[in-house]
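Here's the structure we're looking at; comments come further down.
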Amino acid sequence: MTAMVKAEGVHKSYGAAHILKGIDLEVNNGEVFCLIGPSGSGKSTFLRCINHLEKINAGRLYVDGQLVGYRQKGDKLYELKDSEVAAQRRDIGMVFQRFNLFPHMTALANVMEAPIQVKGESKAVARERAERLLDRVGLADKAGNYPSQLSGGQQQRVAIARALAMEPKLMLFDEPTSALDPELVGDVLDVMRDLAESGMTMVVVTHEMGFAREVGDSLVFMDGGVVVESGHPREVLGNPQHDRTKAFLSKVL
């Protein structure tokens with residue numbers, strides 16, 4: 001079985017700052033893969049490398065068996081054209097901390113936009129799917145609302161629906177609840193739970209340890225740009241082996 005995401009010795013630097021120092025990991029098809037760790041540990045950077053929003057400096061990253069962002073000839077890597085990178089990205093949904101919705105469009109129009117613009121779908125087909133997805137995230141009654149008329153949690157659920165509208169095979173979540181008021185977090189996590197149960201492959205950078213424990217299939221603790229510890233979420237959270245993991249969890253659990 002091909003892993004949905006495979007990282008081999010992935011390095012990323014910004015100038016002199018070495019952010020990722022040789023990440024090796026695999027995310028299986030249909031798996032909910034959680035990344036935890038302190039701020040600045042490289043979690044979000046790694047997530048952004050998966051869809052080539054960040055270019056890696058060394059190593060290899062594959063999504064569904066395909067090299068991300070590059071073509072290999074012999075021993076050499078050649079960067080793909082922007083259009084080719086965009087084509088790869090179509091299969092990867094991403095949900096950010098900040099919802100990044102188009103403020104001048106209704107919730108429905110936000111969800112319809114990418115399939116029409118990127119895939120050339122008809123408005124009728126895109127609308128039908130968008131209505132179904134807004135219903136799925138519990139916002140059928142907010143289809144005509146603009147982002148400014150929605151709470152943060154509602155905006156984030158629209159953002160999830162928008163990512164799903166492209167029918168991705170992989171969903172990336174970058175701390176999707178960290179910008180939300182505590183009472184709005186549950187609604188977003190419920191939508192993510194539903195997605196997990198439907199078999200969507202998900203890589204989730206999160207501070208929500210309860211979600212990781214309940215919903216996650218695998219968990220990686222990162223610190224200082226390396227994978228410190230990995231395993232089943234209940235085992236890592238319940239019985240961490242590494243001192244650095246223990247210290248981190250003692251502060252967050």
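Positions are given from 1 along the sequence. When reading the values below, keep in mind they use all heavy atoms of this one structure, side chains included, and skip hydrogens, waters and symmetry mates.
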Salt-bridge criterion met for Arg129 and Glu121 (N-O under 4.0 Å): yes
Parallel, tilted or perpendicular, as decided by the 30° and 60° cut-offs, for the rings of Phe248 and Phe221: tilted
Residues Asp174 and Ser44: side-chain donor-acceptor under 3.5 angstrom: yes
Distance-only donor-acceptor check, side chains Thr45 and Glu54, under 3.5 Å: no
Heavy-atom closest contact (Tyr146 atom, His104 atom, distance): CE2-O, 3.3 Å
Crowding at NZ, Lys12 (>12 non-hydrogen neighbours, <6.0 Å): yes
Cluster check Ile160, Val205: I/L/V/M/F/W/Y, side chain < 4.5 angstrom: no
Side-chain ion pair, Glu214 and Arg193, N-O less than 4.0 Å: yes
Leu101-Phe96 co-clustered via ILVMFWY side chain contacts under 4.5 Å: no
Flag for Gln156-Thr177: side-chain donor and acceptor within less than 3.5 Å: no
Stepwise side chain to side chain contact (heavy atoms under 4.5 Å, CB included) check, Asn28 with Met4: CA-CA 5 Å; Asn28 291 320; Met4 181 57 81; over 6 Å; no
Residue of the set Leu164, Leu170, Val32, Asp194 for which side chain to side chain contact (heavy atoms under 4.5 Å, CB included) holds with Met200: Leu164
Smallest separation among heavy atoms of Val226 and Ile23, with atom names: CA-CD1, 4.0 Å
CA sep, side-chain torsions, deciding dist, call: Met192, Val215, side chain to side chain contact (heavy atoms under 4.5 Å, CB included): CA-CA 9 Å; Met192 292 170 65; Val215 184; over 6 Å; no
Test log, rule side chain to side chain contact (heavy atoms under 4.5 Å, CB included), inputs Ile19 and Tyr14: CA-CA 7 Å; Ile19 308 297; Tyr14 300 105; 3.3 Å; yes
Minimal non-hydrogen separation, Ser41 against Asp223, with atom names: CB-CA, 3.6 Å
Heavy atoms of other groups near Lys55 NZ, more than 12 under 6.0 Å: no
Arg136, CZ: over 12 other non-hydrogen atoms inside 6.0 angstrom: yes
Geometric cation-pi criterion Arg60 and Tyr70, 6.0 Å radius, 45° cone: no
Arg71 with Glu79: basic N within carboxylate O range, under 4.0 Å: no
